[in-house]
Amino acid sequence: MTGIHSIINRFNLVKQIPIFNKLHWFELQKIARNAVVQEYKKGEIIRREGDPADYFYCLISGRLQAYTLNPADQKDNVEFIHRGMHFGIISVFTGENHSLNFEAINDSVVLKIDKDDFHALLKSVPQLAIEFNQSLSRRIRSQVKGTKSIFESTIISIYSPQKGTGSSTYAINLALNLEKETKKKVILVNIHTIQNQDDDQPAPVGETAPELGRAIDIRDVAGDPERIFGSISKTDIKIDVLNVAFDAKDAALKKQISPLVSTLVGAYHYVIVDLPNDMDDFVLETLNQSDMVHLVAADRRKDLELIRNVIERLKSAFKENYRMEKFHVIIRSAHNHMYLSYEEINKAINFNVYTVLPQIEPSQIKTDIHSKGIVIHQFDENSEYTKSVKRIARQIGGVMVGLVLGGGAALGVAHVGVIRVLEEENIPIDVVVGSSMGALIASLWAIGKNAAELEIVAREFEKRENMLKLFDPIFPIDGLVAGHAITRWLKKHLGNSTFYNTRIPLKIVAYDLIRREELVIEDGSLADAVRKSISIPGVIRPIKIRDQIIIDGGVLNPLPTNVLARRGIKKIIAVNVLQSPEDTSAGFDLEQRQLREQEKIPFSKAPWQFIVFRISRFFSRIIYGNISDVIVRSLQACEYVIAEQSAQQADVVIHPNLVGINWFELHRVDELLKSGEDATRQLLPKIKKLIEHSHSS
């Protein structure tokens with residue numbers, strides 16, 4: 001920022017500061033003569049908590065974070081300081097040490113006035129003293145009310161080193177969905193070089209990049225907030241658009257990035273920056289100033305090599321400012337199906353993939369939106385592409401919705417009925433966690449099976465003899481069945497799917513007997529993870545791996561709401577299928593009445609019913625009261641108590657009425673499905689209110 005230290009430029013800077021805008025020319029000149037201007041790089045500390053009072057500070061450009069450090073060196077009481085805001089004023093007035101740390105989170109320019117000079121200014125400029133008194137009064141009132149006048153802004157840069165990956169299509173859709181899902185202010189900043197602004201960038205099959213009209217030259221608006229805001233297109237699509245071009249040959253333009261974005265962060269919650277493909281100093285500096293970077297690449301070897309080179313260059317350029325969690329690699333499938341596996345991609349780029357955006361089919365482009373010279377191509381709301389971008393938007397916006405499917409053996413089939421209603425009502429689910437039978441249903445759903453397909457799977461066991469296909473008895477030392485047949489059945493339905501292959505993020509809960517600790521499985525084979533989570537003690541042999549004995553996740557955590565809560569998911573729907581003591585007692589009474597009624601039916605009146613009833617009762621007597629039945633019933637009695645406690649962490653708890661159904665009665669599919677559906681429909685108003693509240697929170 002050439003010349004910022006001259007008296008003329010200091011005067012121009014002072015004029016832009018809101019607290020000074022009611023002063024006349026002579027008073028502004030007096031302030032400018034007493035002020036100094038200092039530049040801070042991203043990550044630098046301006047003042048530390050406990051430092052003595054020294055200056056009155058005002059932020060000219062950039063963005064700061066004010067905070068205290070707790071005993072664990074974590075940031076507390078975080079506030080954000082945007083362009084035009086002043087700080088350090090209380091220390092100047094009271095003479096006390098600074099109570100906060102002030103850190104630059106973008107390259108920043110700060111105007112400072114020595115505290116003694118500042119007091120002299122207040123005496124000589126009465127209007128200034130009035131302005132500061134009013135400013136402090138407003139701040140105190142907002143603190144008393146517990147309100148914040150300044151919101152947190154997030155700068156998200158979208159970059160692809162290769163043309164034709166659909167990065168611009170992704171950027172505009174991310175901006176649109178952020179506004180829709182969070183109901184907050186969003187601006188899309190499209191940046192490209194003057195040399196290439198007329199170039200047509202090829203888009204993936206079925207895609208068309210947005211048309212954003214002619215761009216303004218960044219040199220025409222640099223350092224002038226009024227011109228920047230005057231160049232923003234206010235459209236009918238609920239997001240604002242700023243289309244900017246720069247001269248790639250002008251090395252000095254790099255320093256204009258921070259002032260540009262810091263001008264916007266004070267007015268928008270989310271600033272989405274769509275960058276050109278060349279990795280020059282301008283692009284590199286934009287990535288450095290961003291809070292989050294989405295690197296977009298196709299699943300082709302050459303594209304992945306480019307992304308790997310980009311990551312290595314960012315590490316080298318940012319040095320101590322490089323943070324891995326800031327960067328997210330997003331893969332665009334070049335075909336209808338992934339050309340490379342996740343594992344191959346991770347190895348190729350030496351970085352973990354964040355997510356995959358599905359291919360867009362031509363039929364999914366529904367309408368074009370025209371607004372003030374801007375054309376945006378809208379995709380089908382039910383397309384997998386749109387769902388994926390929405391999920392990313394909700395994660396960024398902190399409004400993700402999580403679903404918890406609890407354990408309960410056969411009772412867990414009711415989860416399918418719950419899922420059917422959620423699908424019919426288009427309830428968005430961004431992450432699912434399952435324990436025991438809930439882990440099985442969750443994994444099948446996460447790989448893409450809908451409720452109808454889940455029902456087909458469940459009906460495999462309507463014929464009780466099919467249960468025998470899973471029965472591979474062993475000498476009962478560590479279980480009733482070995483679990484090999486169960487593993488084959490899981491492989492049949494889950495194949496070689498891993499956690500990377502899921503349509504939505506999935507977490508599966510198991511339990512390690514040796515260390516008595518919960519295991520949250522998030523990678524590797526889905527079939528292996530489910531097999532661990534359904535290892536019911538006394539029924540299915542546990543999994544022994546080195547120094548672990550892994551059993552059913554429901555033993556310790558039958559309703560794992562904590563898994564989502566500690567990952568910051570604020571909207572949780574939990575499904576508890578475990579029966580209460582009252583349910584089990586009522587079920588026993590109901591079953592006894594039904595048995596007495598069945599026994600009254602003579603062979604001569606209904607021979608087939610007579611035979612089926614007695615065969616069924618024979619098998620039931622084999623299970624009732626044996627060691628496995630006693631263990632499972634004992635476990636479920638304890639699990640119900642734990643689940644009730646876990647349910648307190650959920651916003652909505654769905655508890656199907658499963659009175660009269662036993663833990664091993666997989667054949668009662670119709671009743672189980674209907675109970676899940678009925679319980680969910682009853683709570684739909686509460687579920688929809690939760691979703692709507694997540695949009696406005």
Side-chain angles (χ1 to χ4, degrees), residues 338 341-343 355-356 384 387-388 391 401-420 422-423 429-461 470 483-511 518-536 540 543 550-555 557-561 563-564 567 569 573-575 577 666 669 672-673 676:
M338 288 286 288
S341 70
Y342 270 97
E343 290 75 15
T355 193
V356 168
E384 288 303 318
K387 289 179 181 178
S388 296
R391 192 170 297 118
V401 179
L403 177 66
V404 179
L405 303 182
L411 305 178
V413 174
H415 291 315
V416 178
V418 173
I419 288 170
R420 170 172 287 148
L422 296 180
E423 287 181 348
I429 300 296
D430 301 300
V431 57
V432 60
V433 57
S435 183
S436 193
M437 179 61 90
L440 172 59
I441 303 298
S443 64
L444 291 169
W445 191 47
I447 64 170
K449 292 184 185 296
N450 58 29
E453 292 168 314
L454 292 175
E455 180 180 342
I456 292 171
V457 175
R459 291 195 183 281
E460 287 185 24
F461 302 104
L470 303 182
H484 301 307
I486 292 173
T487 300
R488 287 193 295 272
W489 185 88
L490 290 172
K491 290 282 187 182
K492 181 180 79 170
H493 290 287
L494 293 170
N496 295 319
S497 295
T498 68
F499 282 81
Y500 271 133
N501 302 129
T502 57
R503 177 179 53 86
I504 59 174
L506 168 70
K507 303 177 192 310
I508 287 176
V509 176
Y511 182 51
E518 172 184 276
L519 300 176
V520 180
I521 309 171
E522 302 177 84
D523 54 32
S525 163
L526 288 183
D528 290 346
V530 174
R531 171 65 181 84
K532 292 171 183 175
S533 188
I534 62 173
S535 299
I536 304 172
I540 304 172
I543 301 294
I550 303 172
I551 63 168
D552 191 321
V555 171
N557 202 349
L559 193 67
T561 52
V563 174
L564 294 183
R567 284 164 173 78
I569 309 299
I573 301 170
V575 187
V577 296
L666 283 167
V669 177
L672 288 162
L673 293 179

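The CG atom of Asn496 sits 10.5 Å away from atom CG of Leu526, with the distance rounded to the nearest 0.5 Å. Considering CD1 of Ile540 and CD1 of Ile486, their distance stands at 3.5 Å, rounded to 0.5 Å. Atoms CD1 and OG1, on Ile569 and Thr561 in that order, are 12.5 Å from each other to the nearest 0.5 Å.
Using a 4.5 Å cut-off on side-chain heavy atoms (C-beta onward), Ser525 and Arg531 make no contact. The side-chain heavy atoms of Thr498 and Asp523, taken from C-beta on, include no pair separated by under 4.5 Å. Between Leu506 and Ser443 there is a side-chain heavy-atom pair separated by less than 4.5 Å. Considering only heavy atoms from C-beta on, Leu519 stays 4.5 Å or farther from Lys532 through its side chain. Annotation: side chain of Trp445 is in contact with side chain of Leu403 (closest heavy-atom distance under 4.5 Å). Within the 4.5 Å cutoff, no side-chain heavy atoms of His415 are placed close to those of Leu444. Taking the side chain as every heavy atom from C-beta outward, Ile447 and His493 never approach each other to under 4.5 Å.
Scanning both residues, Ser497 and Leu494, for their nearest heavy atoms gives OG-O, 2.9 Å. Across Gly407 and Ser436, no two heavy atoms sit closer than the pair CA-CB, 3.7 Å. What you find for Val577 and Leu411 is that their closest heavy atoms are O-CD1, 3.5 Å. The minimum heavy-atom distance between Ser535 and Ile543, with the atom names listed, is OG-CG1, 4.2 Å. In terms of heavy-atom proximity, Gly434 sits nearest to Ser533 at O-OG, 4.5 Å. Minimum interatomic distance between Gly554 and Ser435 (heavy atoms only, all atoms of both residues): N-OG, 3.1 Å.
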Side chain to side chain contact (heavy atoms under 4.5 Å, CB included) between Leu454 and Glu423, intermediate numbers included: CA-CA 12 Å; Leu454 292 175; Glu423 287 181 348; 5.9 Å; no

CA sep, side-chain torsions, deciding dist, call: Leu405, Ile419, side chain to side chain contact (heavy atoms under 4.5 Å, CB included): CA-CA 10 Å; Leu405 303 182; Ile419 288 170; 4.3 Å; yes

Side chain to side chain contact (heavy atoms under 4.5 Å, CB included) for Leu440 and Met437? Distances and angles first, verdict last. CA-CA 5 Å; Leu440 172 59; Met437 179 61 90; 3.7 Å; yes

Between Ile573 and Val418, is the side chain to side chain contact (heavy atoms under 4.5 Å, CB included) condition met? List the steps. CA-CA 11 Å; Ile573 301 170; Val418 173; 6.0 Å; no

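The salt bridge (Lys or Arg N to Asp or Glu O under 4.0 Å) analysis of residues 490-507, with sequence neighbours excluded, yields the pairs Glu460-Lys492, Lys507-Glu522.
Side-chain N or O atoms of Glu518 include none that pairs as donor or acceptor with a backbone N or O of Asn557 at under 3.5 Å.
Residues satisfying the side chain to side chain contact (heavy atoms under 4.5 Å, CB included) criterion with Ala529, sequence neighbours excluded, are Phe499, Ile508, Ile521. By the side-chain hydrogen bond (donor to acceptor under 3.5 Å, both in side chains) test, Glu384 pairs with no residue at all, sequence neighbours left out.
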